[in-house]
Amino acid sequence: MNPIQILMYHQVGRFPAMKAHRATYCDHRRFAAQMAYLARFGYTVLRMDEALACLRGERPTPPRAVVLTFDDGYENFYEYAWPVLRRHGFPALVYLISDLIGQPARWLAADNLATPPLMSAERIRQLRGEGVDFGSHAVSHVRLAQIDTAAIRAEVHDSKAALEDVLGEEVRHFCYPFGSHDRRAVDAVAEAGYASATTCVRAPATPADDPLTLPRKAISFGDNLIGYFWRLHVKNTPKHDFIRRDGQTFAERAAAA
Ligand SMILES: [Zn+2]
């Protein structure tokens with residue numbers, strides 16, 4: 001079947017030219033050009049739940065299928081990304097850190113980066129009303145593979161419960177902070193009942209993937225449209241970078257059901 005490109009954005013906005021840490025910034029004009037590119041060249045932007053249905057074989061996958069994900073829940077999503085997405089009618093999945101709602105992105109200070117504001121609960125509910133999907137990015141933006149198992153479970157379970165309180169609905173999707181995951185983290189995500197979890201492994205998503213370790217492609221500050229095309233279609237990391245072990249693929253899960 002056609003693969004699905006899950007794209008990973010972080011901040012979208014106006015930023016000074018920068019050499020380091022560019023991977024998590026996307027200039028707002030480049031973002032607008034990238035979305036126009038998707039619209040113009042006939043891409044279908046899927047919600048994560050629609051993508052999962054395609055990967056499970058429950059519906060056909062359109063030939064140029066993309067999912068747009070935004071990590072951390074920056075307020076600049078509301079200011080710069082959402083107006084563009086709305087204009088095109090594109091859905092988006094934003095991953096929130098449950099303990100940092102309405103707070104600055106404090107963990108960035110460790111890398112001497114600015115700590116921009118994250119969305120408030122009011123903003124999250126407003127955007128949900130306008131059609132944005134939200135998932136969990138853990139309680140405190142820690143590397144799950146580096147903490148003990150009880151702490152992993154708390155990050156995964158408690159963030160789901162807290163975000164469900166804010167949203168008043170089930171939170172079905174998880175994203176590993178820094179892409180950091182191991183078998184314990186994947187198990188905790190399964191146990192908590194999430195339908196999907198995304199990593200930072202750069203590859204297209206296919207039915208051969210485990211829905212709880214989905215690959216994604218980072219879009220960075222320097223990506224002009226040629227770079228964007230390159231990331232969409234060419235640049236992949238080998239799948240053996242996955243920590244999958246005995247996780248089940250979409251196909252295996254379907255066969256077992
Ligand atoms: Zn993050």
Side-chain angles (χ1 to χ4, degrees), residues 6-13 15 18 20-26 31 48 67-82 92-121 123-124 127 132-147 151-152 154-160 162-163 166-167 171-182 185-186 188-189 192 194 196-203 205 212-221 223 231 237 241-243:
I6 304 174
L7 303 185
M8 169 172 58
Y9 288 92
H10 285 76
Q11 299 198 52
V12 178
F15 308 104
M18 55 187 91
H21 302 293
R22 295 181 306 172
T24 60
Y25 299 87
C26 182
F31 181 76
M48 182 62 87
V67 176
L68 302 173
T69 67
F70 296 82
D71 288 18
D72 307 332
Y74 296 98
E75 176 68 9
N76 55 33
F77 172 86
Y78 169 74
E79 202 179 338
Y80 290 103
W82 185 232
L93 172 59
V94 176
Y95 294 114
L96 301 168
I97 303 141
S98 67
D99 254 11
L100 295 182
I101 288 171
Q103 307 277 322
R106 276 190 222 111
W107 72 94
L108 295 174
D111 288 325
N112 288 319
L113 298 173
T115 57
L118 302 172
M119 291 179 203
S120 66
R123 179 72 76 219
I124 291 163
L127 288 174
V132 176
D133 290 327
F134 289 97
S136 168
H137 200 32
V139 170
S140 65
H141 211 277
V142 287
R143 289 179 169 81
L144 297 183
Q146 296 180 6
I147 59 178
I152 291 175
E155 289 282 338
V156 169
H157 286 252
D158 297 355
S159 60
K160 189 172 194 289
L163 294 172
V166 170
L167 289 158
V171 169
R172 296 170 45 75
H173 307 292
F174 188 82
C175 173
Y176 301 101
F178 306 101
S180 168
H181 63 287
D182 59 11
V186 177
V189 166
Y194 290 98
S196 81
T198 44
T199 66
C200 300
V201 175
R202 193 182 296 136
L212 301 184
T213 53
L214 289 171
R216 284 194 300 172
K217 296 184 170 180
I219 304 301
S220 72
F221 188 82
D223 282 341
R231 277 175 208 277
T237 46
D241 285 2
F242 271 105
I243 298 172

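Counting starts at 1 for both ligands and their atoms, following the listed order.
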Could K160 and F174 be counted as a cation-pi pair, given that NZ or CZ must be under 6.0 Å from the ring centre and within 45° of the axis? no

Provide the protein N, O or S atoms situated under 2.8 Å from the Zn ion (ligand 1); waters are not included. D72 OD1, H137 NE2, H141 NE2

Taken in chain and number order and not counting sequence neighbours, the residues that satisfy side chain to side chain donor-acceptor pair (under 3.5 Å) with Q103 are R106

Heavy-atom closest pair, residues L118 and D72: CD2-O, 3.3 Å

Sequence neighbours excluded, the answer for side chain to side chain donor-acceptor pair (under 3.5 Å) partners of R143 is none

Taking side chain to side chain donor-acceptor pair (under 3.5 Å) as the test, write out the residues that go with Y80, two or more places apart. R14

Suppose we call two aromatic rings close when their centres sit under 6.0 Å apart. Are F178 and H141 close by that rule? yes

